[in-house]
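Reckoned from all heavy atoms, side chains included, excluding hydrogens, waters and symmetry mates. Since the model is a prediction, treat every value here as computed from it, not as a measurement.
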Amino acid sequence: TGAPQYAQHLAGALAAARDLGILRFLRALPRHAAVVCADALEFDIESEFVRKVIATRALTAPSNAGEAWPWPVKLYGLRPFGIVIDGEPLRFDGKAPAKPLQLLRLLIAQGGEPTAIGGVMDRLWPDLEADDARRAFDVTLNRLRALLVQRDVLLLADGKLGFDAHRVWIDTHALAQVLREAGTNAADAAARKRSFERIARLYRQPLLAGDDDPWIVGAREQWRRRFMLAVDALAREAERAGDAAETAWMRQWAASLAAD
């Protein structure tokens with residue numbers, strides 16, 4: 001829940017581990033160690049030491065790992081479209097590869113969830129016959145894998161294309177998780193504040209702003225609605241709690257952002 005006492009205890013424990021050079025705390029419980037490391041990075045506690053722990057022990061990203069975790073690949077669609085590989089933004093010296101990036105934007109718009117390749121082909125190659133569309137898809141997928149360097153982070157199984165959730169962080173996927181959790185803890189003031197801060201940190205602008213492909217426009221509106229519903233639910237709980245200033249701020253901020 002982000003309780004101050006937890007952060008305080010975590011800071012003290014990790015400072016002691018750093019001073020003593022203990023990288024393998026919770027040695028027999030690597031999953032728990034990963035959760036602790038993810039929380040520490042979220043609270044910006046001993047971040048340099050924690051990243052060293054993660055690298056030394058090759059810890060797998062747990063479900064609570066946020067943007068600060070050292071992901072091999074990070075993808076952004078709710079701020080200027082971006083790709084970060086091993087901590088470095090991907091830049092193109094010449095012309096950017098249009099079709100692989102279009103495929104990547106489609107996957108980001110789906111929140112990183114496994115997406116049926118039939119639907120992908122219908123969107124990206126609507127004028128091609130099935131066999132030609134499949135060949136075009138295979139070529140584009142190989143080019144995208146090469147672009148991301150970490151070729152095996154894209155998973156193709158059971159006719160669906162998705163990402164390895166332990167190695168790729170996507171801001172839309174993170175937002176979807178926050179939006180699901182926001183309603184369950186909205187009545188608690190501290191949890192409500194934390195949910196709102198996480199939503200505000202992730203939803204910087206409408207999905208893939210400036211991209212006018214019809215399927216992106218439709219996905220953008222769906223994300224906008226989900227965002228507005230979640231913030232409105234938090235605002236209503238703040239209103240019930242008698243916090244008029246918090247209520248007004250939440251609604252004003254959400255309306256101005258959604259209108260961009």
Side-chain angles (χ1 to χ4, degrees), residues 1-76 83-88 107 111-114 148-158 160 162-202:
T1 63
Q5 295 89 342
Y6 171 61
Q8 290 168 7
H9 286 305
L10 185 60
L14 286 173
R18 170 182 43 79
D19 291 343
L20 295 170
I22 300 174
L23 298 174
R24 299 190 179 278
F25 55 82
L26 296 173
R27 179 187 294 269
L29 300 168
R31 293 181 184 177
H32 292 72
V35 169
V36 167
C37 287
D39 283 341
L41 291 174
E42 177 73 12
F43 291 118
D44 194 20
I45 295 171
E46 299 290 344
S47 295
E48 184 178 351
F49 170 70
V50 167
R51 289 192 179 93
K52 185 177 179 181
V53 170
I54 293 169
T56 301
R57 300 174 62 175
L59 294 177
T60 300
S63 60
N64 66 316
E67 184 181 1
W69 185 272
W71 301 92
V73 177
K74 291 194 284 189
L75 304 171
Y76 296 92
I83 304 166
V84 177
I85 298 174
D86 290 330
E88 293 296 327
L107 296 174
E113 296 298 326
L148 297 177
V149 181
Q150 314 274 348
R151 297 182 66 91
D152 54 350
V153 299
L154 274 165
L155 307 176
L156 184 60
D158 300 324
K160 294 183 177 181
F163 291 99
D164 182 344
H166 295 295
R167 301 179 64 202
V168 180
W169 182 88
I170 311 172
D171 60 359
T172 51
H173 181 77
L175 180 64
Q177 186 176 17
V178 173
L179 295 181
R180 284 194 297 269
E181 295 170 355
T184 60
N185 299 319
D188 179 84
R192 182 173 64 246
K193 182 175 183 289
R194 182 160 172 75
S195 291
F196 180 75
E197 289 173 348
R198 292 174 69 194
I199 291 171
R201 193 161 63 238
L202 289 165

If I compare all heavy atoms of [X] with all of [Y], which pair ends up nearest, and what's the gap?
X	Y	result
G112	T172	N-OG1, 4.3 Å
F25	R57	O-NH1, 2.6 Å
A68	R51	O-NH2, 3.5 Å
A38	A65	CB-CA, 3.8 Å
L148	V73	O-CG2, 4.2 Å

Taking side chain as C-beta onward, heavy atoms only, is [X] less than 4.5 Å from [Y]?
X	Y	result
I45	V50	no
L59	W69	yes
D86	Q150	yes
I85	P72	no
D152	D164	no
I170	L107	no

As an exercise, state the distance from [atom1] of [X] to [atom2] of [Y], rounded to the nearest 0.5 Å.
X	Y	atom1	atom2	answer
K52	R18	NZ	CZ	11.0 Å
L23	I54	CG	CD1	11.5 Å
H173	L175	NE2	CG	11.0 Å
F43	L14	CZ	CG	12.0 Å
W71	H166	CH2	NE2	8.5 Å
L154	F163	CG	CZ	4.5 Å

Inspect the surroundings of CG in D19 and state if more than 12 heavy atoms from other residues, nucleotides or ligands are less than 6.0 Å away.
yes
Is the number of heavy atoms from other residues, nucleotides or ligands under 6.0 Å of R167 CZ greater than 12?
yes
Does the pair E181/R198 count as a salt bridge with the N-to-O cut at 4.0 Å?
yes
Can you spot which of V36, V35, L41 makes a side chain to side chain contact (heavy atoms under 4.5 Å, CB included) with D39?
V35
Check ring-ring contact (aromatic ring centres under 6.0 Å, His included) between Y76 and all other residues, then give those that pass, not counting sequence neighbours.
W169
